[in-house]
Amino acid sequence: IDTDGTALAARFPSTFAWGAATSSYQVEGATGTDGRGKSIWDAFVNEPGRVVDGSNGDTAIDSYNNIAGDVALIKALGLNSYRFSLSWPRICPDGDGTVNPKGLAYYSNLVDALLAEGITPWITLYHWDLPQTLEDAGGWPERATALRFAQFAQIAHEALGDRVKHWITVNEPWCSAFLGYASGEHAPGRRDPSASIAAAHHLMLAHGLAARAIKAADPEATVSIGLNFYPIHAASESPVDLDAARRVDGVQNRWFTEAALRGAYPEDIVEDFKAITDFAFIEDGDLETINAPLDVLSVNYYSRFTVTGNGGATSASAAPTGAGSAWPANEHIGFVSAGLPVTDMGWEIEPAGLTEILTRLHASYPEVGLAVTENGAAFPDKLDDGEVHDVERLEYVQGHVAACADAVDAGVPLVGYFAWSLADNFEWAWGYTKRFGLVYVEFETGERTVKDSGRWYGDLVRRARSNREAE
Ligand code: PNW
């Protein structure tokens, strides 16, 4: 193995975006500062039993008060890109058109600080922090939420679009819809399978409306949607396992790509979902709206799933706090081990699955560019004399960057790779018990220490970027 990454770095195009990713609620803290409104996560974390360690994002890793420190860290790692998300209620405290200028100023300052160091910002508009006022009015199962999102997208783009050219509308609508409204392990913690399908539709409608608004305002903008993909393998060749694989692949992967890129939900899954919904929430023209021109498909990849039809598992990676099924109309499916090594989340490590998903997406949707916008692993790190020797994460990143190179070799138009995450942070229902960072954070003090994985990744990126300068 080429541990210094010289040969690996040379396999990527010169324009490649090398980055790391975060999201607002997971890193910002300052939830009561400068006029920020409340989001569904602020409410959810206060309900007993929702977060394993009883923690919340009130302080998180205090990125709201630490623009200079975070940007210095990204620069020290040598990255040329940074993906972060906007807190909707920080910008629109009530979820309507009333703007909080201080909220916008924070993101404007962050963008300026990044650009001053030559770091390209990639903005995610929605990474799960819905304004609580909109949840009070019904949340994502209501069509009005999608219309409010389009308004927010316009406000954000108007303020930042002169400097920001990369826009991801919605991050992982599968999680927001099915972990938020079916299994209840994420905010708002509802357990209503039929409503979760309406939620998924309105998240896609929100995407379509925002994508069109941004493109109309700036034809040069790169517009994207972030989806979490898993290659799905059947546990056996039995008809019931093969059917489970079709269903999981359909709900997890095809449901969203077919809507966004082909303007139609996959027929077989529509049939399955008819058991619990009449789809009355779909209006004429919605699928056309959702099928907005897309420049890049953002791929979040962590693991591969092996599924059975004799299951009953709640979700492949269920939080211990969630009890409902994240698989509406598919409660009979289950997830089994393929015998691979796992991360601290229990997620199986399979770098070849990333090459598999990238080549498949390119074969199905050859017209769209691809970016890996999240990839990473949780491990129980320890500070050891001021260093963190996270060899398992280092190997995880190495293996998955190599899997990206394999996809590039196979002709996949891959434009970037973003590690999840820049730094340890608030891992949703797992609180602060799972560390995904390239940078270690002492949560009590906020002190940051670059891990060995971060050092390795930074070296790789520096090599890739110097290859580019040598060209
Ligand atoms: C993604 N699941 O979340 C998110 O985009 C990040 O905010 C998060 O920190 C990261 O992956 C690591 O978890 C997911 O249960 C959460 O299948 C849960 C699932 C998938 C993705």
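Remember, it's 1-based here, ligands and their atoms both numbered in the order they're listed.
Judged by a 6.0 Å distance limit and a 45° cone about the ring axis, Arg90 is positioned over the six-membered ring of Tyr64.
Assignment of Asn425 to the shell around ligand 1 is not supported, since no heavy atom sits closer than 4.0 Å. At least one heavy atom of Cys175 sits closer than 4.0 Å to an atom of ligand 1. Between Trp430 and ligand 1 there is no heavy-atom distance shorter than 4.0 Å. Ligand 1 has His127 within reach: a non-hydrogen atom of the residue lies less than 4.0 Å from it. At a 4.0 Å cut-off, at least one heavy atom of Trp347 sits close enough to ligand 1 to count as contact.
For the residue pair Glu258 / Tyr365, a side-chain donor-acceptor distance below 3.5 Å is found, with atom types taken as modelled. One side chain, Asp42 or Ser39, offers a donor N or O that lies under 3.5 Å from an acceptor on the other. At a cut-off of 3.5 Å, with distance as the only test, a side-chain donor of His233 or Glu356 sits close to an acceptor on the other residue.
By the 4.5 Å heavy-atom criterion applied to side chains, Asp381 and Asp390 are counted as neighbours.
Classification of Glu142 and Arg148 as a salt-bridged pair fails, no side-chain N sitting under 4.0 Å from a carboxylate O.
In summary, the atoms of ligand 1 found under 4.0 Å from a heavy atom of Trp174, numbered by their order in the structure, are 17 (O). Against a heavy-atom cut-off of under 4.0 Å, Phe436 is close to the following atoms of ligand 1: 12 (C), 13 (O).
Looking at Asn300 next to ligand 1, no N or O pair under 3.5 Å apart turns up. Checking only distances, Ser23 never comes within under 3.5 Å of ligand 1, N or O to N or O.
Take Asp243 and apply the salt bridge (Lys or Arg N to Asp or Glu O under 4.0 Å) test, not counting sequence neighbours, and it matches Arg246, Arg247.
No option in Lys434, Arg448, Lys451 other than Lys451 meets the salt bridge (Lys or Arg N to Asp or Glu O under 4.0 Å) test with Asp424.
The residue among Tyr302, Trp128, Tyr25, Phe305 with a heavy atom at the shortest distance from atom 3 (O) of ligand 1 is Trp128. Residue Glu427 holds the heavy atom nearest to atom 12 (C) of ligand 1 of all those in Glu185, His186, Glu427.
Under 4.0 Å from ligand 1, the heavy atoms of Tyr230 that appear belong solely to its side chain.
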